[in-house]
Structure formats: C-alpha cells, structure tokens
Amino acid sequence: MLDPQLLRNDLDSVAERLAVRGYQLDKEQFIELESQRKTLQMQVESLRGRRNAESRKIGKAKAGGEDIQPLLDAVASMGSELKASEQSLLELQQKLNDLLAGIPNIPDESVPRGNDESDNIELRRWGEPKSFDFEVQDHVGLGAYRGMDFETAAKLTGSRYVVMHGEIALLHRALTQFMMDTHSRQNGYIESYVPYIVNSDSLQGTGQLPKFEEDLFKLNTEHDNYLIPTAEVPLTNILRDEIISVEELPFKRVAHTPCFRSEAGSYGRDTRGMIRQHQFEKVELVQAVRAEESWQALEELTGHAEGILQALELPYRVVNLCGGDLGFGAAKTYDIEVWLPGQQAYREISSCSNFQSFQARRMQARWRNPETGKPELLHTINGSGLAVGRTLVAVMENYQQQDGSITVPEALRNYMGGLDKILD
RNA sequence: GGAGAGGUGGCCGAGCGGCUGAAGGCGCUCCCCUGCUAAGGGAGUAUAGGCUUAACCCCUAUCGAGGGUUCGAAUCCCUCCCUCUCCGCCA
C-alpha cells in the first residue's frame, strides 16, 4: 500500500512513476473520492464531537440531581443523522481503501522502462557456461533412470508434481541443508521454522491478497486458511502489528519451506520437468531494516543468494527487472538466472526485491526510532536463497558427464556422506 | 471433542454505564539532590486519523475482533478469534 499522504500531495508524479510499470492511475477517481472523504469525515467527526459534549452534560446534570429530560430531547434527533453519515463515510472509506490496495508499488528511479522480460537489463554475469563435447540432456532425461519420477507423482496427485527416490532425493535435501547452513552460519540470518498454512491477514500483509487469490491454494476449512506460496509470507508477517526496538534491527530471517502455487494462467508453460511445480521447496531470505538501509540490504541479500550459486560453481547472470515485469509490491527486483545447458538458456532461480514500506504499511510493521521516540515503518526485502528444485535441475544439467553420471559439487559432498558421483 | 477461567498501554495490573485514553506499579527519558558502582525527589512517557500543514492547541477513533442496547459502553447483551487450566483423544 502506498502512503495516502503521498497520493494527496503528489498525485501527478506518483501517476507518472507508476506509468513506468504500465499502471494507469485513475487520478480523477482518487481526487473525487478523496474530497468526498474529507467533507464527510469532518461532518461525522463534528457530529460525534457534539454528541459527546451533550452526553457529558447529561451525565453531570444527572449527578447533580437536575432534570435531564430537556437535555435528552435536545439530543434526540442526533442519533439518526449521525448514523446515516457514519454509514456513508464507511462505504466511502471502503471504496478508497479498495482503490489504494489495488495500486502497485512505485518503481525506483533505477528501474528500466519496459513491458516484459525482454526489456529487463542484464547487470552482470558470473561463471562461464561449460561447453560439452557430447550431446547434453535436460534434467528430465538425466533423472529418468535416477529417481526423478513424474509418472508416479501424476498417479498420486496430478500434473506438476514430482516424486524423487534415492540419491536424487538426497541431493535435493543436501542442497537445502547447504543453503540453510550457509545463510544461518555465514550470512547472519536467524533460522526459523514457520507454519505452511497462513490466514488471510498474513497474505493481505505481504500483498498476495486481495488481488492474487487465484494463484493460491485455499483450504476447505471454516477459517480463511491458505497454503503458503512462499516463506516470505510467514516470515515477514512475524512483524505484523509489531513495533520492534532498534536493537532488533536488522531483522534477518531464513526459512526452508515447501511452497504451493496454483499456477493458474500458466497452462502450457514449462510443462516439462520440475521447473514449474505446484509444490516446490525454497529457502527464503527476509530482511526488515530502517528506511535508509533498504537499498544496501537489497544488494547484500542478492549477494547472499549469488553466493550459493558461486559455491556450487553454477554460471548465472543478474538482471534488473523492468517496470512491466515487476511484482505488485516491489520497488525494484533483481532476478538471478542460472544457466541451464538443457535449455541453453538462463532461467530464474531467485528473485530479490525491495518493497520499501509497501508491505510494512499494510501490516503495520514498525520500529521505534530512539532519536525521535516515534514508531517508523520498516522497509522489507526478500529473496530466494535459492529455489531448491530449480537448483537441483541446474546441478544435474551442469554437472552431467558423458557417461551419464552426475558429479556431486564439492560443496555438497559432506551433506551426502562423501558421495561424489550419482550413477545410473 | 467436553468443562472452566481469562484477553486493558512497552510490561504488570485496577477499573460502580457518565469527569477513565484509562488509577497504581515496573521500565524508559529529562531535571534536582546526593555521591560511587546504591538510594531519594520532581516532570514526562500509546497509536492512528482530521484540522493546521511550521508547531502547539483542538477534534475523532481505539481497552482481543465485529455487531447490538443506550443521550452516553473498557464496563451490559450477542457472535467470532485467541490464551490458560482440567478431562478425553492423538504424532
């Protein structure tokens, strides 16, 4: 959610900057609703003020043993008038709120203009895509005889799920452990275990609701419960409705969770293999910092995600997402794309974003500034560190050998009982 | 699942339907006294919104959430949520 004050004071420049992401702000509607709100609110509040004053008089008169009937008569008509005004104010505020909640975050100045991923700007590359002197397979081919089993998953559940057996499953788990250890021991994140089911308030807070409900799995319980699409939701909502002290900053959390996404609207995309699944594992990094530090935190967090790929010696590039490709709440996003020999392409493996106060305002996540004594909104940053399933794909494809085996990256061998090679 | 108790400010904890945005305590900030690893005295200390927009003042809302009764609700009624205790079941 944007700062309503900013919209009131600087509507034109907000609209201009939102255009970078292709969002057209309905300025007239906002101005209209806002002016109605103002008059109505003043009306309601002064009515309430009068009623309160009159009521106090009645109280005093009664205590003094006076006849209160004339006072009661004087207030008699106020009730209905107040009720009517309150009702229309409520409706108006609802409309304004809906409008506000539907406005995406303002892109940072450094976000390039553009409509889709073809307009993203590549910032840097790391590592050299290996050239193979044999015909490379993709992970589906490589996994076919090694325990990556889509057919059984289809039987158990349906499409876009996977069952893994044996050493492939072990490799998958080793990746998770390696990532968790790196972030918690070296990068300063506190490891957290969180629920995989959250309520609608939490999804509201991080911005998945109300606009993107169709992307989520909703549970058929009496409560408004959903499976998490990312650990960002529970981790960030730890701070919802909290005012934390300066000693608790920077707030840095890492969690490993499954993620559940309905993938509505992506029919036909990435149907092969485990690039796009309804259920996948992810290690998520979340930071909450004071406003001045959020841009630096984004760079740092992106570096932490890159560090995993470097340790695994997987070639990647970092792109700066253009306005049109930016997520709803992000002011800026770096996508990290890993090289996949099977696709001869770089594919997203992490998405690191600075939300500034966008999420914090929705969830009233604040810290108390000791210099002013006042609470201030936090800035939130998050990113994958990394998507485990896609990392598994990248390891399989980049480490494949001519004889059909897969070399285990050095960094993972301790997690696999010293195993250095996965054979057929 | 059954029975009971309870949810009040950063924390603890009072609160007959009216002068309670909320006693008292703790914590914190500032000042005074004293002086050395203590103590005493005084003042201040919620959030959001409106108005102003430079600030103050003022006004409105908020005592788990939402409704209701009433001129007036932290206080009465209803619904829901959560926490705790006991019993049952269970990884």
Side-chain angles (χ1 to χ4, degrees), chain A residues 1-11 30-31 33-101 193-205 209 219 221-226 234 237-249 251 357-378:
Chain A
M1 182 139 84
L2 295 180
D3 184 359
Q5 211 72 43
L6 187 66
L7 281 163
R8 281 176 216 152
N9 297 336
D10 228 350
L11 190 60
F30 179 80
I31 292 170
L33 286 175
E34 181 53 26
S35 85
Q36 285 179 25
R37 192 223 91 228
K38 204 165 181 168
T39 47
L40 246 181
Q41 182 168 343
M42 282 164 67
Q43 187 188 334
V44 165
E45 287 187 358
S46 79
L47 270 172
R48 280 207 276 241
R50 259 174 53 208
R51 183 206 60 195
N52 290 347
E54 293 301 316
S55 293
R56 266 193 290 273
K57 268 193 229 161
I58 294 174
K60 275 194 187 122
K62 207 171 170 187
E66 297 168 36
D67 178 19
I68 58 168
Q69 197 51 48
L71 287 168
L72 285 179
D73 294 341
V75 196
S77 64
M78 278 184 75
S80 55
E81 190 186 349
L82 182 60
K83 217 157 222 165
S85 312
E86 279 177 335
Q87 186 55 39
S88 32
L89 178 62
L90 213 67
E91 283 164 19
L92 195 63
Q93 278 171 334
Q94 191 56 49
K95 266 192 223 166
L96 249 178
N97 210 42
D98 290 348
L99 179 70
L100 233 51
Y193 173 83
V194 292
Y196 304 155
I197 295 172
V198 292
N199 58 33
S200 56
D201 285 344
S202 294
L203 289 157
Q204 199 83 240
L209 288 179
L219 296 181
T221 58
E222 53 191 310
H223 305 296
D224 263 357
N225 287 155
Y226 299 79
N237 274 281
I238 290 172
L239 297 169
R240 174 153 53 86
D241 293 324
E242 299 288 336
I243 302 173
I244 63 173
S245 72
V246 68
E247 289 83 24
E248 294 173 77
L249 294 176
F251 175 93
S357 58
F358 192 83
Q359 293 180 326
R361 183 170 293 104
R362 291 179 157 227
M363 65 173 88
Q364 287 301 300
R366 294 168 293 175
W367 66 289
R368 192 176 296 278
N369 187 339
E371 282 160 36
T372 59
K374 295 288 172 198
E376 296 179 18
L377 290 171
L378 288 159

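So that the names make sense, note that chain A is the first sequence line, chain B the second, and so on, each numbered from 1.
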Asn369(A) CG to U29(B) P, in whole Å, measures 15 Å

Report the residues that fulfil ring-ring contact (aromatic ring centres under 6.0 Å, His included) with Tyr226(A), sequence neighbours left out, ordered by chain and then residue number. none

Sequence neighbours left out, what passes side chain to side chain contact (heavy atoms under 4.5 Å, CB included) with Glu81(A)? Give chain and number order. Leu47(A)

Salt bridge (charged side-chain N to carboxylate O under 4.0 Å, His left out) involving Glu54(A) - partner list, sequence neighbours excluded: Lys57(A)

Report each atom pair, protein N/O against N/O of nucleotides 68-70 of chain B, whose distance is under 3.5 angstrom.
none

Side chain to side chain contact (heavy atoms under 4.5 Å, CB included) involving Ala61(A) - partner list, sequence neighbours excluded: Glu66(A), Ile68(A), Leu71(A)

Based on Watson-Crick and G-U pairs with both distances under 3.5 Å, what dot-bracket line describes RNA chain B 5' to 3', crossing pairs as [ ] and inter-strand pairs as |? ((((((((.[[[..)..(.....]]]((((((.......))))))(((((.......))))).[[[[[..)....]]]]])))))))....

Would you give me the side-chain donor-acceptor pairs under 3.5 Å for residues 90-99 of chain A, sequence neighbours excluded?
residue  : atom : partner  : partner atom : Å
Glu91(A) : OE2  : Gln87(A) : NE2          : 3.2
Gln94(A) : NE2  : Asp98(A) : OD1          : 3.2

Integer-rounded Å distance: C28(B) P and Glu247(A) CD: 12 Å

Sugar-phosphate means primed atoms, P, OP1 and OP2; the rest is base. With that split, encode nucleotides 44-61 of chain B 5' to 3' as B, S or - using protein heavy atoms under 4.0 Å. ---SSBSS-B-----BSS

Quick one: list whatever passes salt bridge (charged side-chain N to carboxylate O under 4.0 Å, His left out) with Arg48(A), sequence neighbours left out. Glu86(A)

pair Ser46(A)-Met42(A): side-chain heavy atoms closer than 4.5 Å: no

Sequence neighbours excluded, which residues qualify as salt bridge (charged side-chain N to carboxylate O under 4.0 Å, His left out) partners of Asp10(A)? none

Below 4.5 Å, heavy atoms only, C-beta onward: do Leu2(A) and Phe358(A) meet side chain to side chain? yes

For RNA chain B, the residues among residues 86-100 of chain A that have a non-hydrogen atom under 4.0 Å from it: none

Between C19(B) (P) and Glu54(A) (CD): distance, integer Å: 16 Å

What interatomic distance, in whole Å, is found between C1' of U52(B) and the corresponding atom of A39(B)? 46 Å

Once salt bridge (charged side-chain N to carboxylate O under 4.0 Å, His left out) is applied, do any residues pair with Arg37(A), and if so which ones, sequence neighbours excluded? Glu34(A)

Specify the separation, in whole Å, of atom CG of Asp241(A) and atom P of A65(B). 11 Å

